[in-house]
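Below, chain A is the first sequence line, B the second, and so on; all start at residue 1.
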There are 2 protein chains.
Amino acid sequence: MHNAVDMTPPPVLSDAVTIELNAVLVALTENQPLVLTLEDGTLLPSGPFATEHPTLQIGVRAWVERQTQHPLGYVEQLYTFADRNRPASDGQRRVVSISYLGLTRERLSAGARDPEWRSWYRYFPWEDWRSGPSPLVAETILPQLAAWADAVSDPVLQRERRQRIEVRFGDGTENWNEELILQRYELLYEAGLVPEARQATDRVVPATGTNGQLVPVPGMPMRHDHRRILATGIARLRAKIKYRPVFFELMPPEFTLLQLQRAIEALAGRAMHKQNFRRLIDQQGLVEPTGASTSETRGRPAKLFRFRREVVLERAVAGTKLPLSRPI
Amino acid sequence: MHNAVDMTPPPVLSDAVTIELNAVLVALTENQPLVLTLEDGTLLPSGPFATEHPTLQIGVRAWVERQTQHPLGYVEQLYTFADRNRPASDGQRRVVSISYLGLTRERLSAGARDPEWRSWYRYFPWEDWRSGPSPLVAETILPQLAAWADAVSDPVLQRERRQRIEVRFGDGTENWNEELILQRYELLYEAGLVPEARQATDRVVPATGTNGQLVPVPGMPMRHDHRRILATGIARLRAKIKYRPVFFELMPPEFTLLQLQRAIEALAGRAMHKQNFRRLIDQQGLVEPTGASTSETRGRPAKLFRFRREVVLERAVAGTKLPLSRPI
DNA sequence: CCTCATTATGCTCATTCTTAGTATAAATAT
DNA sequence: ATATTTATACTAAGAATGAGCATAATGAGG
């Protein structure tokens with residue numbers, strides 16, 4: 001590397017580290033957003049980055065495809081971090097984790113136990129607002145967070161905590177921003193309301209119930225920080241669907257507009273107005289009718305659509321608009 | 001790490017790699033967006049990630065602050081890549097580069113040669129549309145890209161190339177999307193129109209002028225892939241200013257609304273309608289008047305503003321809207 | 001002092017977008 | 001046949017946006 005004379009840091013040996021790749025692999029089935037898990041749903045798939053992989057992305061694709069027997073469509077880097085909660089001083093090499101978001105069209109080996117596809121709302125039940133405000137927020141989460149805010153005596157800090165709660169969770173019925181899933185998880189972690197927070201070494205102020213005990217919020221935990229990585233992936237996807245047509249990779253080659261709508265709603269965790277959704281979709285020229293219709297549903301048969309070739313080719317830069325506003 | 005029996009890849013030694021940290025460090029002075037460079041503007045600052053750094057971000061902060069003698073405000077991870085153009089088979093450890101975007105309030109050591117702050121439009125002159133469409137696009141870039149598209153005989157490929165050019169550059173006067181800076185750079189690279197493309201080992205189809213020679217587009221190159229990293233940082237920043245109040249970190253504690261507008265315009269590379277800008281800004285409650293005004297400018301004195309405390313505290317989730325549309 | 005150039009700021013207005021419907025069509029289940 | 005379900009067309013109120021006019025407050029130059 002370069003060595004500008006007065007810029008060079010004191011000669012320090014850049015240490016050897018080991019790279020671990022993590023994947024948040026997403027699929028959609030029957031209006032459920034699924035994520036691939038291992039070991040009874042407690043881990044995301046991960047694997048080492050090795051010499052045989054020319055690039056990181058090829059590394060991720062290689063072992064995900066081997067594990068799932070399925071070609072991986074869209075792959076996007078999520079985040080890289082080093083040594084969260086892992087000490088480096090025991091003679092072992094430090095581990096740097098690089099996480100990826102992957103989208104795939106169909107799930108496979110349904111019912112398998114390892115790997116197993118699970119709805120991500122098992123991990124984040126409060127994030128599903130498709131049929132209105134999740135009662136978990138108003139009834140369980142907000143009261144406990146309020147207690148956590150009250151637990152600090154300094155009025156300035158208390159006000160800051162209340163503000164942070166309000167921005168992330170709204171009031172339980174309004175001002176819900178589905179993109180803030182990661183920030184919500186992190187706040188719950190900080191408040192000691194998720195089980196993962198107990199094992200952590202850093203200072204955590206646990207919330208206590210009326211009997212002085214920790215009362216974890218419903219939602220399945222994962223090992224290490226994999227639930228946080230999952231939240232990062234969901235957040236990225238929820239943000240991205242609003243301006244890039246990522247759902248290409250999740251949909252079958254032909255679909256009805258309602259299927260498309262339900263797919264996006266599954267990702268966003270919110271319902272959309274049907275007529276407005278259709279208007280936006282065909283205004284944008286993302287899809288074209290195949291000419292056929294389906295009568296798999298009960299009512300009037302729906303036209304089938306496919307994504308337009310030109311848009312698929314340029315999906316990395318093509319724009320989308322959805323009747324999901326970017327709140328505040 | 002976990003080891004699900006039928007999931008384990010063939011036992012492969014996860015190889016040791018070296019981590020290198022790169023920084024795109026941005027500041028604003030006199031309506032120019034500046035980036036910190038080394039070695040006569042040919043490199044971005046980079047340094048090794050070493051044992052003494054508990055986390056990656058602390059590592060970046062540590063040596064950037066040592067190099068610039070200036071506290072680093074906002075820091076955000078950009079991208080991680082391994083071995084772009086670097087062979088791994090010579091017995092040396094592979095290098096994984098992790099790049100960061102940093103924002104800082106004031107530049108320092110003005111006029112110093114190393115490190116030196118430079119306007120990023122020296123590297124991407126075609127990206128400055130603040131006083132209308134950049135003539136470089138219509139007069140230099142588009143003709144050469146058109147020649148590059150024509151150079152392929154297969155009509156399907158030719159149409160695809162034309163479409164990619166159109167999406168990224170528009171027609172030279174309209175449909176300019178300032179967020180696509182990275183995709184534009186990559187297209188110029190692919191077309192062989194930037195000098196960096198010549199040294200690359202991968203297959204590059206160089207564009208040729210009328211006399212059969214490579215005609216690079218104006219804009220200073222950098223070594224390695226640092227200009228690409230810079231483009232990544234600018235793209236991230238241009239996208240982010242539209243929905244998060246990142247400009248906090250770049251502005252002085254007090255400023256006029258015109259100063260704020262010029263700052264954002266410098267980042268976006270586009271001009272905004274003054275009255276509409278003001279309307280949006282005060283609708284959102286991002287700033288509050290300090291009560292004072294300034295008469296540093298020639299005309300009517302402008303009120304001074306500061307960012308509101310509440311918004312600064314929650315800047316990671318606070319929203320912004322600017323009269324810069326997210327085109328297509 | 002007067003006028004002009006310059007910047008700041010208030011206000012309007014037409015257009016487009018968005019939201020939240022109503023209405024109607026075409027199928028299935030009973 | 002009738003109720004139910006789904007698809008699709010259309011509309012009207014309200015909000016947001018884009019473009020511009022009008023006025024205010026200052027310094028510079030005569």
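Look at CG on B:Leu257: it is 10 Å from C1' on C:dT9, rounded to the nearest Å. Computed from coordinates, the B:Leu260 CG to C:dA8 C1' distance equals 15 Å when rounded to whole Å. Residue B:Leu304 contributes atom CG, which lies 11 Å from atom P of C:dA8 at whole-angstrom precision. Whole-Å rounding puts the A:Met272 CE to C:dG21 C1' distance at 18 Å. Atom CZ of A:Phe277 is separated from atom C1' of D:dT8 by 14 Å (rounded to the nearest Å). Note: CZ (A:Arg278) to P (C:dA25) measures 16 Å, nearest angstrom.
Checking side-chain atoms of A:Arg238 against main-chain N and O of A:Leu267 turns up a donor-acceptor pair under 3.5 Å. Using a distance-only test at 3.5 Å, with no hydrogens or angles considered, no donor-acceptor pair links the side chain of A:Glu127 to the main chain of A:Gly269.
Here B:Trp126 pairs with B:Phe124 under the ring pair (Phe, Tyr, Trp, His ring centres under 6.0 Å) rule; sequence neighbours left out. With sequence neighbours left out, the side chain to side chain contact (heavy atoms under 4.5 Å, CB included) criterion links B:Glu265 to B:Arg130, B:Gln261, B:Arg262, B:Ala271, B:Met272. Contacts of B:Arg298 classified as side chain to side chain contact (heavy atoms under 4.5 Å, CB included), with partners at least two apart in sequence or in another chain: none.
A salt bridge is absent between A:Glu160 and A:Arg162; no separation between the charged side-chain nitrogens and carboxylate oxygens falls under 4.0 Å. Remark: B:Glu178 does not engage B:Arg184 in a salt bridge, criterion side-chain N to carboxylate O under 4.0 Å.
Listed by first and then second residue, the salt bridge (charged side-chain N to carboxylate O under 4.0 Å, His left out) pairs involving residues 310-319 of chain B are A:Arg159-B:Glu310, A:Arg168-B:Glu314, B:Glu249-B:Arg315, B:Arg308-B:Glu310 (not counting sequence neighbours).
When heavy atoms are screened at a 4.0 angstrom cut-off, A:Leu258 is found touching the sugar-phosphate backbone but no base atom.
A 6.0 Å sphere centred on CD of A:Glu30 holds no more than 12 heavy atoms belonging to other residues, nucleotides or ligands.
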Practice task
Between protein and nucleotides 23-30 of chain D, map the contacts as a letter string: B base, S sugar-phosphate only, - none, heavy atoms under 4.0 Å, written 5' to 3'.
Solution key: -BBBS---
Handout entry: Contact letters for nucleotides 16-21 of chain D, in which S counts primed atoms plus P, OP1 and OP2 and B counts the base, heavy atoms under 4.0 Å
Key = -BBBBB
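Phosphate contact (OP1/OP2 of D:dA7, side-chain N/O of A:Lys274, threshold under 4.0 Å): present.
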